[in-house]
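One structure is given here, and the rest of the page talks about it.
We count ligands from 1, going down the list as the structure has it; atoms in each ligand are counted the same way. Fair warning: this is a prediction, and the values are worked out from it, not measured in the lab.
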Amino acid sequence: MKVVLCGGGNAVHVLTALIGALPDCEVSILSLYDDEANRLNEALVFPTSHDKREGITCTCDQGQKVIGQPVIITHVPSQVIPEADVLILSLPAFCHALYVEACAPYFKDGMMLGALPAEGGFDLCVRDRLGPKRMEQLILFATETLPWACRITTFGQSVEILGTKKTIDLAVSPLSATFKVTSFLTHVLGDAPVLVPCSLLALTLMNINSLWHPTIMYGALRQWDGHTPFDTIPLFYQGADAFTGAMLTAVSNEVLAIKRQLLLTFPTLSLKGVRHVSEWMPRAYGEGIEDTTSLTTMLQTNRGYRGLRHPMTLVQKEDGTKAYLPDFKYRYMTEDIPCGLMVTRGIAELAGVATPQMDAILLWAQNKCGKTYLEDGKVALSHPDLEETRCPQRYGYTSLESFMRDNHYVV
Ligand code: NAD
C-alpha cells in the first residue's frame, strides 16, 4: 500500500510513525503549507547531528514507542499522488479543498480518499471540487474525530499520543468498500479505537469539535469585556461551568431535533451515529471519565481533556508583566465554525428546524471573528464569507430534497 498523508501537524506525525512502521506500507508526506515540507525534510533527514534519522517516533499512551520513516516528503503533488493507493487528509478542515483541488489531476481510479477527521460537510467539499462523476471513481472515507489526542513533542522527530478513543464512527462511500477501508484502518490503528460504521451525513451532524469548542468558548468568554487580559490561561474543559454544560446540552438537543425532522421526512435515513453529547462522551472516553454525574462533571473530570487550556495569545501589560488575550483566530473558531457548526446550522435551515441556542453561539462567534455567516436569523446567502463555510447553501442548496438526493443521503 502506498499511503500519502497531507499536512504536517500532530496527526500527520502520529500517522507517519504508525504507517511507516508497517512492513507492507510505504508512507509519504505532502505539505502545501509554507515551507513545511522543507522543514520536515530538514528535521528528519538533516538533523543537527547530521545523522539520518530512523523516522518519526510516536510515544503511545501506554508508553510503547513506534518509529516510522516517510519515503518522500514533498510539496509537489505530482511526485506522490499518481502512485497513491490511499490519500489521508489529517489537517484542519479549512485545508481540505486546497489539497483535493491540487491533487485531483493525479488521482487514480479506486484510490481511497479519507479525512481523519471529517468535520462537517467533507463530502460536500469533495463533490464541489471533483464533480460527482470523478468523485464516484474514488472511495471516500471519513472519521467523526481523530482516533487520539496527540501533540508533537519535537517537530519532524517525535510526537505523543495523550489518549486513544475507545470507539469512533467511520463513514465509507460507496458502502461496498466498507470492509476494504475498515481493514486498512484497523491495520494502521490496531485494537483501538473500534471503528463503527455510520453515514457521511451522521458524521456531519455529530461533529463533536463543532459542538465542544465554540460552545465552551462562548460559555467562558461571553461576558468578557473584549480587552482586559487574563493573568493566567483558563482551563478549557476542566474550567467548564454549569452554564456551559447546560448550553452544550441545549445545542445537542437542537442537533437531535434536526435528526428527528430528517427522519420524519426520510424514514429510511441512516442517522444512528447522531447521539446526544452526554451519550457520546462515555462512549468515546469510557473509564477515562471520573465523574459521570452530569455533562459538566464529565467535561471537568475526563482524563483525556486534563490540562488543556483556552486558546490565548501572550501580551504584555503596561507594568511589563505577562498576560493573555483570547485567540479568536485559533481553529476552534476558524475551523469549527465554518466547517462545523455552520454546516449543521445550514442543514437545520433546510429542514425548517429552529436552533436558537446554536444561533446565539454563532452570532457571538462571528462577531468575535469579524465574519458574517448568519444575517437576519438566516444563513447569509449573499455575503462573501459564506464561501469559507461548508454549509449546504454555500454549494447552492436551498431545498432539503435536492440536498438529500444529490448527495446520495437518500436514494
Ligand atoms: P494541526 O493544527 O497540528 O495541523 C496543522 C497542519 O495543518 C500544519 O502543519 C499544516 O500542514 C496544515 N495547515 C494549517 N494551516 C494551514 C493553511 N492555512 N494552509 C495550508 N495548510 C495548513 O492539526 P492536528 O492537531 O494534526 O489535527 C488535525 C485535525 O484533527 C484537525 O481537524 C483537528 O481539529 C482534529 N483533531 C485534533 C486533535 C489532536 O489531539 N491533535 C484531536 C481531535 C481532533
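Checking Thr74 against Gln79 by side-chain atom types alone, a donor-acceptor pair falls below 3.5 Å.
Contacts between Cys95 and ligand 1 below 4.0 angstrom, taking non-hydrogen atoms only, involve the side chain exclusively. At a 4.0 Å heavy-atom cut-off, ligand 1 does not touch Ile152 at all.
Among protein heavy atoms, the minimum distance from atom 12 (C) of ligand 1 is reached at Leu91 CD1, 4.0 Å. Looking at atom 24 (P) of ligand 1, its nearest protein heavy atom turns out to be Asn10 ND2, 3.7 Å. For atom 42 (C) of ligand 1, the closest non-hydrogen atom of the protein is Trp148 O, 3.8 Å. Summary of contacts: the protein heavy atom closest to atom 26 (O) of ligand 1 is Ala11 N, 2.8 Å. The nearest protein atom to atom 33 (C) of ligand 1, hydrogens excluded, is given as Arg331 NH1, 3.5 Å; this is a heavy-atom distance.
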Test log, rule ring pair (Phe, Tyr, Trp, His ring centres under 6.0 Å), inputs Phe236 and Tyr332: CA-CA 11 Å; Phe236 196 73; Tyr332 290 3; 5.0 Å; yes
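The shortest distance between side-chain heavy atoms of Glu36 and Phe155 falls below 4.5 Å.
Taking a cutoff of 4.0 Å between a charged side-chain nitrogen and a carboxylate oxygen, Asp169 and Arg275 qualify as a salt bridge. Under the 4.0 Å criterion applied to side-chain N and carboxylate O atoms, Asp359 and Arg345 are assigned as salt-bridge partners.
You'll find the ring centres of Phe184 and Phe141 outside the 6.0 Å limit. Tyr285 and Tyr305 have their aromatic ring centers within a separation under 6.0 angstrom.
Polar contact with ligand 1: absent for Thr145 (N/O pair, distance under 3.5 Å). Ligand 1 has an N or O atom lying under 3.5 Å from an N or O atom of Cys150, backbone or side chain. Every N/O-N/O distance between Leu32 and ligand 1 stays at or above 3.5 Å. Not a single N or O atom of Lys165, backbone or side chain, sits closer than 3.5 Å to an N or O atom of ligand 1.
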Show the atom names and distances, to 0.1 Å, of all donor-acceptor pairs under 3.5 Å that link a side chain in residues 87-99 to residues at least two apart or in another chain.
residue	atom	partner	partner atom	Å
Ser90	OG	Leu116	O	2.8
His96	ND1	Arg390	NH1	3.0
Tyr99	OH	Leu32	N	2.8

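Remark: among candidates Glu144, Glu335, Glu36, the nearest residue to atom 11 (O) of ligand 1 is Glu36, based on non-hydrogen atoms. Residue nearest to atom 7 (O) of ligand 1, selected from Pro147, Ser90, Ala37, Pro92: Pro92 (by heavy-atom distance). With distances taken over non-hydrogen atoms, the option nearest atom 30 (O) of ligand 1 out of Pro117, Ala115, Ala118 is Pro117. With atom 43 (C) of ligand 1 as the reference point, the heavy atom nearest to it among Leu146, Leu5, Asp336 is part of Leu146.
The shortest separation from a heavy atom of His13 to ligand 1 is not under 4.0 Å, leaving the residue out of contact.
Between Leu201 and the choices Val410, Asn407, Ile347, the side-chain contact (heavy atoms from CB on, under 4.5 Å) rule is met once, by Ile347.
Under the 6.0 Å distance and 45° angle rule, Arg306 does not count as a cation-pi partner of Tyr237.
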